[in-house]
Amino acid sequence: MQDHEHSHHDMHPQEPVEEPNHAADHEKHDANRKMHGRHYGHNIADFKRRFWISLIVTIPILLLSPLIQNVLRIRNRLQFSGDLYVLWALSSFVFFYGGRPFLKGLISEIREKSPGMMTLIGLAISVAYIYSSAVVFGVAGEIFFWELATLIDVMLLGHWIEMKTVAGASQAVESLVKLLPSEAHWVSDGKTEDVPLQQIKSGDTVIVKPGEKIPVDGHIIDGESSVNEAMVTGESLPVHKKKEMKVIGGSVNGEGSITVIVDKTGADSFLSQVINLVREAQQARSRTQDLADRAAMWLTIIALGGGAITIVIWLLVLGQSFEFALERTVTVMVIACPHALGLAIPLVVAMSTALSASHGLLIKKRSAFETARNLQAVLFDKTGTLTLGKFGVSDAVAFGSEYDKEKVLTYAASVEAHSEHPIAKGIVESAAHTLPVKNFKSITGKGAQGTVEEHDIKVISPGYLRENNIRVDEQKTASLRESGKTVVYVMIDGTVQGAVALSDIIRPESKEAVRKLKEMGITTMMITGDNRRVAEWVAREVGLDEYFAEVLPQEKVVKVKEVQSRKLITAMTGDGINDAPALAQADVGIAIGAGTDVAAETADIILVKSNPEDVVAIIGLAKATYGKMVQNLWWATGYNAVAIPLAAGVLYSWDIVLSPALGAAFMSLSTVIVAINARLLRFR
């Protein structure tokens, strides 16, 4: 303590400690990523506002459009001098205001040489606007302003639905930072003072009280306790810590008070290294191309090619007038962008998201969700995923015939009910009931004893037996110890009458989930920080194909990359902080909802009910969703096979030409079919 003779306020006058601003860095990256996404920087509120304003302005556009007036037989009542100029002005507003995201997208996609949905929409509305404006100001032909406005409305609605469905930028780094307390109990010259964590530096001394989060990486110089590191390292059992042993910032202190010398803070700490791993893995993720973008790319090619062929044939081959050829060309290019295409994918996404949410499956990243249908390997974290992350009795053994295993467990639980040790709590929670105890006494570091039903009961560790030269038939507990379970012995009236084995309890659903995945041809694996014996036992009990044991937190992401290097599309399922980088690295990151916030924020999909069988459900839903997407794309674009040739005039010699009104009817029908089909989505 001699190094801290000065007052706290003079602690580091020349070198203020700056914590790395992970949150700011992450936000920059997230914003940058959004700017390069399909929506080109426009946010949900922007699309929503543009949709509603454009929809309101579309109403007078429809009423002023000659084609709509004729269909509704209201032309004589709504005509007035200059009505077409008013129509043009309103349509110009919708084109430049409502269509702005698509026009910007058109320019961006052309620059990137990757035409997609934005190119198709931008092309269709531009052709419709330019041609219709020319008609208003003297060129002979049809006016397509109503088509332009409704197309923009539908596409804005589709993008708004889509963005709203997949909204929610990752807050993983912020969640990680929250693991650390804001203050630490700083010790100097025998006095304790609560100071901001940012002011603590390497070499300082801090006290951690029972139940508190450990604020720094360091080593214990005084005190003894059990520390819960499950949310940091993945170790399921509380770790006994004593003098000279290391502790990790973010883990939770147990029943004892400990004094810690600070070894690492800030960027050097274990937690900061995990933060960096999360960020790197997220930045490395490639963007999955959307199905609708691929369809849009082909429709763009068809629209341009069909339009060019149409005008060339009518002008140069068949000798028709320029006005006629231009009208046919514009009709082809406008109807090549079907309204239903803007809703084909978003409606299925919205439906699958609602359906999944009602079953406790929350989809955060659609591209990863779509990938789930092709999964070839699923990596499970052990603690809290395949297991409950809860220390409990797995076996009770009676050594003789005088007492059965239920009585052995009841006597042990009765004595341990008076102890706060994690092993004691596990025994008590696993027993059906407890009995009154007299003369309870703790055997420091070795167990506890008391009188139950006039019997002298001791619940003791193997170490107690060795120290007191008490012999037992170790063959009776050999298989339990080989499985990595913690074994304590029960003495009744001076004789060892049984043993109780404790382990992390396997979830009842884990075995069935693994069986179903294997039936689907998916390789099942487990990754854990626990020792090899525990991992082998869990893998055998659950029926896994492979397991990785004794994996340090920073190595989990390496294991995911290793599986991916086998050319396997890989999912990672976990709940701890140590799982966050691996969740971000995997092709599909699935978080158990009962776990930490950071795992949920980093993951692509969250299982609210913490049920491993929901991994099977999410894959089933992904397959069903993809099927509906493909069906909707066929419905949305299928009519083009008929509409485009008819619009081009291939049957003109038989007096069959697709009018804009009939083209609109085709579009409306395909939109209705797409909407109904999306609502028929089911899974399981």
Side-chain angles (χ1 to χ4, degrees), residues 230 233-237 372 374-392 394-395 479-485 501-553 555-576 578-579 582-583 585-592 594-595 599 603 605 607 609-620:
T233 68
E235 172 60 56
S236 56
L237 306 181
N374 294 320
L375 282 176
Q376 296 165 300
V378 175
L379 266 166
F380 289 98
D381 172 53
K382 181 184 81 68
T383 306
T385 304
L386 290 176
T387 67
L388 294 174
K390 183 179 179 183
F391 206 39
S394 62
D395 306 86
S479 63
L480 301 176
R481 287 181 281 106
E482 286 168 4
S483 298
K485 298 179 181 180
L502 298 98
S503 67
D504 191 2
I505 302 170
I506 295 174
R507 289 184 184 275
E509 311 90 355
S510 296
K511 189 177 293 186
E512 185 65 12
V514 168
R515 184 188 66 78
K516 289 178 180 177
L517 288 171
K518 292 170 81 169
E519 283 181 355
M520 298 167 74
I522 296 173
T523 302
T524 56
M525 308 176 186
M526 179 181 70
I527 187 167
T528 179
D530 276 358
N531 64 63
R532 190 164 298 278
R533 291 188 301 171
V534 172
E536 183 180 5
W537 172 71
V538 173
R540 185 174 61 249
E541 288 292 309
V542 175
L544 297 164
D545 294 307
E546 295 180 45
Y547 66 88
F548 302 99
E550 299 175 4
V551 180
L552 296 174
E555 293 174 349
K556 285 196 174 185
V557 69
V558 176
K559 293 299 181 185
V560 173
K561 290 179 180 178
E562 180 184 314
V563 175
Q564 289 173 321
S565 70
R566 303 181 200 173
K567 307 300 181 186
L568 296 175
I569 301 172
T570 305
M572 173 69 193
T573 305
D575 74 327
N578 55 304
D579 301 322
L583 288 169
Q585 173 61 39
D587 298 292
V588 182
I590 303 173
I592 292 290
I605 299 161
L607 308 182
K609 291 182 282 193
S610 301
N611 184 347
E613 285 191 88
D614 282 344
V615 175
V616 180
I618 206 73
I619 295 171

*Asks:* Can you find a pair of side-chain heavy atoms, one from K556 and one from F548, that are under 4.5 Å apart?
*Replies:* no

*Asks:* Quick check: closest heavy atoms across L375 and T570, and the distance to 0.1 Å?
*Replies:*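 Where L375 meets T570 most closely, the heavy atoms are CD2-C, 3.7 Å.
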
*Asks:* S510 and L386: which non-hydrogen atoms are nearest, and at how many Å?
*Replies:* OG-O, 2.7 Å

*Asks:* Calculate, to the nearest 0.5 Å, the distance between atoms CD1 and CD1 belonging to I569 and I522 respectively.
*Replies:* 10.0 Å

*Asks:* So, for A571 and I590, which heavy atoms are closest and what is the spacing to 0.1 Å?
*Replies:*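 Reported closest heavy-atom pair: CB-CD1, 4.3 Å.
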
*Asks:* I need the minimum non-hydrogen distance between D587 and L568, along with the two atoms involved.
*Replies:*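 D587 and L568 have their closest heavy atoms at OD2-O, 4.0 Å.
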
*Asks:* Nearest 0.5 Å please: distance from the CG atom of L480 over to the OG atom of S394.
*Replies:*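 The OG atom of S394 is 6.5 Å from CG of L480, to the nearest 0.5 Å.
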
*Asks:* Does Y547 reach the side chain of V538, with side-chain heavy atoms less than 4.5 Å apart?
*Replies:*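 Side-chain contact under 4.5 Å: no.
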
*Asks:* Got a second to check how far E562's CD is from Q564's CD, nearest 0.5 Å?
*Replies:*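 Going from CD on E562 over to CD on Q564, the span is 11.0 Å.
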
*Asks:* So which atom in M526 and which in A539 form the shortest heavy-atom distance, rounded to 0.1 Å?
*Replies:*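 Between these two residues, the closest heavy atoms are CE-N, 4.2 Å.
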
*Asks:* Checking the side chain of T387 only, and the main-chain atoms of K382 only, is there a donor and an acceptor separated by less than 3.5 Å?
*Replies:* yes

*Asks:* Just wondering, are more than 12 heavy atoms of other shown residues or ligands nearer than 6.0 Å to NZ in K511?
*Replies:* no

*Asks:* Which atom pair, heavy atoms only, marks the closest approach of A603 to G589?
*Replies:*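 So the minimum-distance heavy-atom pair works out to CB-O, 3.4 Å.
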
*Asks:* Please tell me if the side chains of L517 and I619 come closer than 4.5 Å, counting only heavy atoms from C-beta onward.
*Replies:*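 The answer is yes, as the side chains (C-beta and beyond) meet within the 4.5 Å cut-off.
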
*Asks:* Under a 4.0 Å threshold between the charged nitrogen and the carboxylate oxygen, would R566 count as salt-bridged to E546?
*Replies:* yes

*Asks:* Rounded to the nearest 0.5 Å, how far does CD of Q585 lie from CE of M572?
*Replies:* 11.5 Å

*Asks:* By side-chain hydrogen bond (donor to acceptor under 3.5 Å, both in side chains), which residues pair with T523, not counting sequence neighbours?
*Replies:*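 T523 satisfies side-chain hydrogen bond (donor to acceptor under 3.5 Å, both in side chains) with no other residue.
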
*Asks:* Walk me through it: do D504 and W537 pass the test side chain to side chain contact (heavy atoms under 4.5 Å, CB included)?
*Replies:* CA-CA 11 Å; D504 191 2; W537 172 71; over 6 Å; no

*Asks:* Please enumerate all residues that pass side-chain contact (heavy atoms from CB on, under 4.5 Å) together with K516, with sequence neighbours excluded.
*Replies:*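 For K516 the side-chain contact (heavy atoms from CB on, under 4.5 Å) partners, ignoring immediate neighbours, are E512, E613, V616.
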
*Asks:* Nearest 0.5 Å, what's the CD-CZ distance between E550 and R533?
*Replies:* 10.0 Å

*Asks:* Once you round to the nearest 0.5 Å, how far does CD1 of I605 lie from OG1 of T573?
*Replies:*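 If I round to the nearest 0.5 Å, the distance is 9.0 Å.
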
*Asks:* Between the side chain of K485 and the main-chain N/O of D395, is any donor-acceptor distance below 3.5 Å?
*Replies:* no

